[in-house]
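Here the structure comes first, spelled out in structure tokens, and everything after it is commentary.
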Amino acid sequence: MTLDDPKALAAAAADASRAAGQRVRLDRAHRLNAAVGAARFVLDNGLTIVWAPDFRAPVFAYQTWFRVGSKHEDPRRTGLAHLFEHLMFKGTRRRAAGEFDREMERRGTQTNAATWVDWTYYHEALAARDDNFEVVVDFEVDRMNCIVLDADTFASELEVVKNERRMAVDDSISGSLSERLYGLAYTQHSYRWPTIGSMEHLAAASLEDLERFYRTYYAPNNAAVVVTGALELVPTLTLLARRYGPIPRQEIPVAQLTAEPPQTAPREVTLEKPVVMPQVCVGYHTPGQRSPDFTAVQMLGEAMVEGDNARLYRRLVTADKLAASVEGALMPFAEPGLYEILVSARQGVAPERVVTAMQDELDGLASGLSPDEEDKARASLELSFFDGFKSAIGIAEALGHHEAALGDFTQAFAGYELMQRTSSADLARVAAQVFGAHNRTAIIAVPGRGDG
Amino acid sequence: MADRPALHRRALGPATLLVLPEPTTPVVRFSFVLRSGALVDPLGKAGRTRVMLELLLRGTQTRGRVEWNRALERLGSQIGTTVASELTLVHGIALKRNLAATLSLVGEALLTPALVSGERADLVTELVEYLRSERDDDESLAELFWRRALYPGHPLWRRPAGEPADLLTLTDDDVRAAYTEQWRAGDLIIAVGGDISPDEAEVAVAPIVHGLPAPRALEAVLPAVPEPDGLRLVVVDKPERTQVQLNLGRSAASGADPDVYAFWLGVTAFGGTFTSRFCREVRDVRGWSYTAHAEFGRRRPYKSPLVLRTAPAVADALDCLELELSLYDELAAGELEAGAVDFSRAYLLNRYPLEIATSADLLLPAVRNELLGFEPEELFRVPERLEGVREDDVRASLRRHLAKGRLTGVLVATAADIVPALARRFPSAKIEVVDYREGLVDPGGQP
């Protein structure tokens with residue numbers, strides 16, 4: 001089956017429709033290169049299926065992406081999306097708690113999941129043999145359709161999630177600073193609260209809240225099933241249509257998102273924490289991943305923090321000797337997100353000096369990148385881009401994220417072309433917009449007793 | 001469709017070349033691996049190998065640090081270094097079209113490094129600062145003190161990253177000696193994977209191999225790993241902890257032990273998956289910890305530890321520790337749940353196709369296989385080895401490598417919250433409390 005032949009793909013969808021007794025419609029197909037490409041199909045109940053053939057190894061990845069994350073939560077009840085994700089590994093009307101995990105492990109995979117601001121997804125990767133595909137479909141259909149929540153499993157899993165929060169946030173300096181950063185950088189938008197939720201909201205969560213959450217968001221028309229690997233199209237589509245097709249669609253509430261007003265002045269908070277090194281956690285508002293300027297920020301990030309000659313590394317670590325380490329990351333959020341920079345200041349260095357030197361370097365970006373820096377950014381991102389497609393799992397994650405966050409799997413392939421099109425003028429313009437001091441939020445931790 | 005990328009092994013002069021062709025993505029990974037690591041650092045010079053290695057990427061005899069890195073960065077290629085106790089790596093990744101230029105830069109760094117004095121001094125300061133910053137992360141802190149507790153008085157006590165006080169004593173002569181002693185073609189394994197053929201790989205790396213002196217260097221002689229004689233608990237005291245990072249276990253089996261597959265199966269059955277007994281008892285039944293699993297690295301040339309990792313809330317920590325000790329004792333006695341061995345065997349066998357699916361998956365295991373002295377095909381005999389293990393072999397192996405009541409625990413916690421109760425609950429344990437900043441020095445050499 002070739003992804004370059006829409007007629008053949010449509011014919012395969014028609015064959016699957018007849019065999020399954022459920023209508024399957026080809027939506028679109030897109031190819032990156034000889035090895036990587038995908039096609040999207042839609043069932044009548046709204047379920048999206050993204051199929052990416054990859055016969056390099058006899059394995060497949062199976063991922064179910066739900067278009068619900070922490071941004072869809074009520075700000076008075078944070079953490080529900082993630083807490084519910086934990087409960088998806090418990091029992092269903094057909095199966096006892098733990099049966100799903102046990103069967104998947106017997107077949108060679110530890111099933112797992114992740115929740116973030118825009119989505120929640122569940123994943124398995126298995127050998128493409130025996131009835132592995134049929135069984136994983138059976139289990140996934142089951143838990144999309146008829147999960148059973150009970151008080152005992154809820155109580156123990158709630159404790160697990162509280163412990164996850166203690167590890168990832170309360171006792172983690174980077175986690176606790178990041179939580180404060182988003183709380184200060186955002187005043188209106190739903191990205192201001194943490195995906196894991198506050199301890200207070202977790203403690204108040206009830207079984208009824210979670211049942212309501214499940215009924216509201218876990219429906220075929222709010223999900224994308226992504227299958228990549230050594231799976232032929234017609235039998236794959238047939239089975240998915242036959243099993244998912246009967247699940248009724250639901251009314252999905254439209255997310256009530258308030259646009260974040262532009263930041264006009266720097267924001268800063270200093271905290272005392274039990275740290276050896278002062279820590280500086282900084283965020284700058286960026287365009288969301290839907291914007292073509294997102295790629296420009298990615299390129300600027302390469303020039304700022306990646307490699308020995310990166311501007312911030314050279315200034316803070318090598319030249320001015322203010323810092324032990326500098327890390328930066330652009331958050332791939334659907335709505336406008338943050339570019340995060342985390343610096344460990346050297347012993348005895350006032351963190352304010354770090355912020356001043358950092359801003360000085362970032363102000364210089366508005367004059368544009370040097371030709372060497374542009375070459376570096378393009379080549380480095382090209383390498384990361386292709387390396388991300390080295391396995392069935394990597395392909396599924398890229399396709400699933402773009403389908404769930406942006407509603408378009410082809411965006412997974414678009415970054416490469418966008419990068420080629422991004423001009424020197426674009427880079428200078430975006431740098432001036434994003435990395436100005438007015439757009440900066442800083443959380444600083446200095447050694448001392450904790451003050452929250 | 002092949003089951004996996006093929007592994008080609010060739011002698012390249014006195015060096016060994018491993019190639020895993022996979023011509024589907026225009027990317028190539030490579031590793032230059034020495035059969036010696038931080039264990040060859042002289043006493044009082046822990047970190048010598050690491051400093052030497054990182055200095056290789058800070059300028060050559062023909063190009064300064066900025067110029068060399070700029071040339072590399074223009075290609076988009078990434079090069080890094082890793083030092084473990086038993087091996088040293090310079091590893092990288094490049095677009096296929098930039099591979100030749102990237103390896104030319106690597107060759108320049110490996111064959112004609114500048115090893116400049118000023119860069120050495122700056123690097124040492126940066127490393128000491130970096131080691132300080134590790135104390136701000138509880139998982140890193142647990143790992144640091146776990147190594148120290150596990151290997152008291154043994155060369156493995158020293159971290160491959162170096163010890164702060166030792167790093168400050170390193171001289172230019174130390175670094176040059178490390179370079180001269182360790183970079184020998186006879187000690188070199190080169191592993192290349194991705195969009196490249198064996199012949200292309202040989203042509204690409206041959207100039208580097210032929211530019212190094214051939215003879216093998218001296219191997220580190222590793223004394224026997226110390227055995228715990230009871231329960232030893234080290235509390236790493238850090239303020240304001242809401243939970244306890246708990247590592248519990250002991251040194252166990254080596255990758256060269258004939259029963260290593262039996263031991264690995266036993267550990268997997270006990271705590272290697274979400275539904276294994278250890279994870280169920282700690283996490284599912286009681287909700288005591290988000291993380292709850294047992295680990296064992298089966299391809300180490302020395303006695304690798306069995307470690308049970310959990311992170312319970314302070315209020316649950318002692319109950320959790322007591323449960324873990326009880327479960328460990330059962331494991332040491334060779335007691336496993338009925339059917340657990342066959343279940344974990346099925347898990348490992350069925351997972352195997354995913355572990356060998358890509359050249360990236362296979363690169364480091366192929367190197368470790370070579371370091372253990374096995375032939376290349378041994379890497380692909382995992383199913384055969386697992387199927388050859390009987391349940392009795394597993395139980396015997398657990399009894400051989402573990403001993404009831406003889407193990408070590410490290411707890412990153414606020415000592416005042418748990419130590420008095422810890423002493424009451426475990427009266428026979430040797431309990432020590434250390435400050436989480438213990439062993440730090442400032443870059444000027446002051447404690």
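Throughout, protein chains are lettered first and strands after them, A, B, ... in sequence-line order, and every chain is numbered starting at 1. Since the model is a prediction, treat every value here as computed from it, not as a measurement.
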- [ ] Could you please spell out the steps behind the ring-ring contact (aromatic ring centres under 6.0 Å, His included) verdict for A/Phe413 and A/Phe389?
- [x] CA-CA 10 Å; A/Phe413 307 136; A/Phe389 294 117; 5.7 Å; yes
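Ranking B/Thr273, B/Val27, B/Thr358 against chain A, the residue ahead of the rest is B/Thr273, based on heavy-atom pairs under 4.5 Å. Residue with the most contacts toward chain B among A/Asp387, A/Asn112, A/Asp375: A/Asp387 (heavy-atom pairs, distance under 4.5 Å). Ranked by heavy-atom pairs under 4.5 Å with chain B, the list A/Glu164, A/Glu105, A/Lys376, A/Glu382 is led by A/Glu105. With respect to chain A, the highest number of heavy-atom pairs below 4.5 Å among B/Leu354, B/Thr24, B/Thr25 belongs to B/Leu354. With respect to chain A, the highest number of heavy-atom pairs below 4.5 Å among B/Arg70, B/Arg135, B/Arg437 belongs to B/Arg70. Across A/Glu159, A/Arg165, A/Arg106, the residue that shares the most heavy-atom pairs under 4.5 angstrom with chain B is A/Arg106. Note on A/Met277, A/Met104, A/Arg129: by heavy-atom pairs under 4.5 Å with chain B, the leading option is A/Met277. Taking B/Arg4, B/Glu126, B/Arg241, B/Gln245 one by one and counting their heavy-atom pairs under 4.5 Å with chain A, the maximum is reached by B/Arg241. For the set B/Ala311, B/Ala313, B/Ala292, B/Pro239, the count of heavy-atom pairs under 4.5 angstrom toward chain A peaks at B/Ala313.
Of the atoms belonging to A/Lys162, not a single heavy atom falls under 4.5 Å from chain B. The contact between A/Ala125 and chain B is made by backbone and side chain atoms together, counting heavy-atom distances below 4.5 Å. The part of B/Arg58 that comes within reach of chain A is its side chain, from C-beta onward, which places non-hydrogen atoms under 4.5 angstrom from that chain. Both the backbone and the side chain of B/Asn69 come within less than 4.5 Å of a heavy atom of chain A. Looking at B/Tyr436, the atoms closer than 4.5 Å to chain A (heavy atoms on both sides) all sit in the side chain, from C-beta outward. For B/Pro5, no part lies near chain A; criterion is any non-hydrogen pair under 4.5 Å. Both the backbone and the side chain of A/Ser391 come within less than 4.5 Å of a heavy atom in chain B. Heavy atoms closer than 4.5 Å to chain A are found in both the backbone and the side chain of B/Leu95. Proximity to chain B is limited to the backbone of A/Thr111, based on heavy atoms less than 4.5 angstrom apart. With a 4.5 angstrom heavy-atom cutoff, B/Trp68 does not touch chain A via any of its atoms. Only the backbone of B/Ala94 comes within less than 4.5 Å of a heavy atom in chain A; its side chain stays farther off. In this structure, no portion of A/Glu302 lies under 4.5 Å from any heavy atom of chain B. For A/Leu158, no part sits under 4.5 Å from any heavy atom of chain B, backbone or side chain. The contact between B/Tyr130 and chain A is made entirely by backbone atoms, counting heavy-atom distances below 4.5 Å. Proximity to chain A (any heavy atom under 4.5 Å) is shown, for B/Asp284, by both the backbone and the side chain. Proximity to chain A (any heavy atom under 4.5 Å) is shown, for B/Val282, by neither the backbone nor the side chain. Contact of B/Leu349 with chain A is made through the backbone alone, with heavy-atom distances under 4.5 Å.
Comment: A/Asp171 does not engage A/Arg166 in a salt bridge, judged by the lack of any side-chain N to carboxylate O separation of less than 4.0 angstrom. Looking at A/Arg56 and B/Glu22, no side-chain N of the basic residue comes within less than 4.0 Å of a carboxylate O on the acidic one, giving no salt bridge. Taking the charged nitrogens against the carboxylate oxygens, A/Asp131 and A/Arg107 do have a contact shorter than 4.0 Å, which makes a salt bridge.
Side-chain atoms of B/Ser77 and B/Thr102 form a donor-acceptor pair, as typed in the model, at a separation below 3.5 Å. A side-chain N or O of A/Gln110 and one of B/Tyr347 form a donor-acceptor pair less than 3.5 Å apart.
For A/Arg95 and A/Phe139, the positive end sits near the middle of the six-membered ring, less than 6.0 Å away and at most 45° from its axis. For the pair A/Arg102 and B/Phe343, the cation sits on the ring face: its NZ or CZ lies under 6.0 Å from the ring centre, inside 45° of the axis.
In this structure, A/Phe385 and A/Tyr416 have parallel ring planes: the angle between them is below the 30° cut-off, well short of the 60° mark.
In this structure, the side chains of A/Glu157 and A/Val160 come closer than 4.5 Å at one or more pairs of heavy atoms. Looking only at side-chain heavy atoms (C-beta outward), A/Thr318 and B/Asp122 stay at 4.5 Å or farther from each other.
A distance of 12.0 Å separates CD in A/Glu103 from OG1 in A/Thr109, rounded to the nearest 0.5 Å. Within the model, atoms CD1 of B/Ile79 and CG of A/Asp308 stand 11.5 Å from one another, a figure rounded to the nearest 0.5 Å. Separating the CG atom in B/Leu105 from the CG atom in B/Leu57 is a distance of 10.5 Å, to the nearest 0.5 Å.
Contact between A/Pro278 and A/Arg346 at its shortest, heavy atoms only, is CD-O, 4.2 Å.
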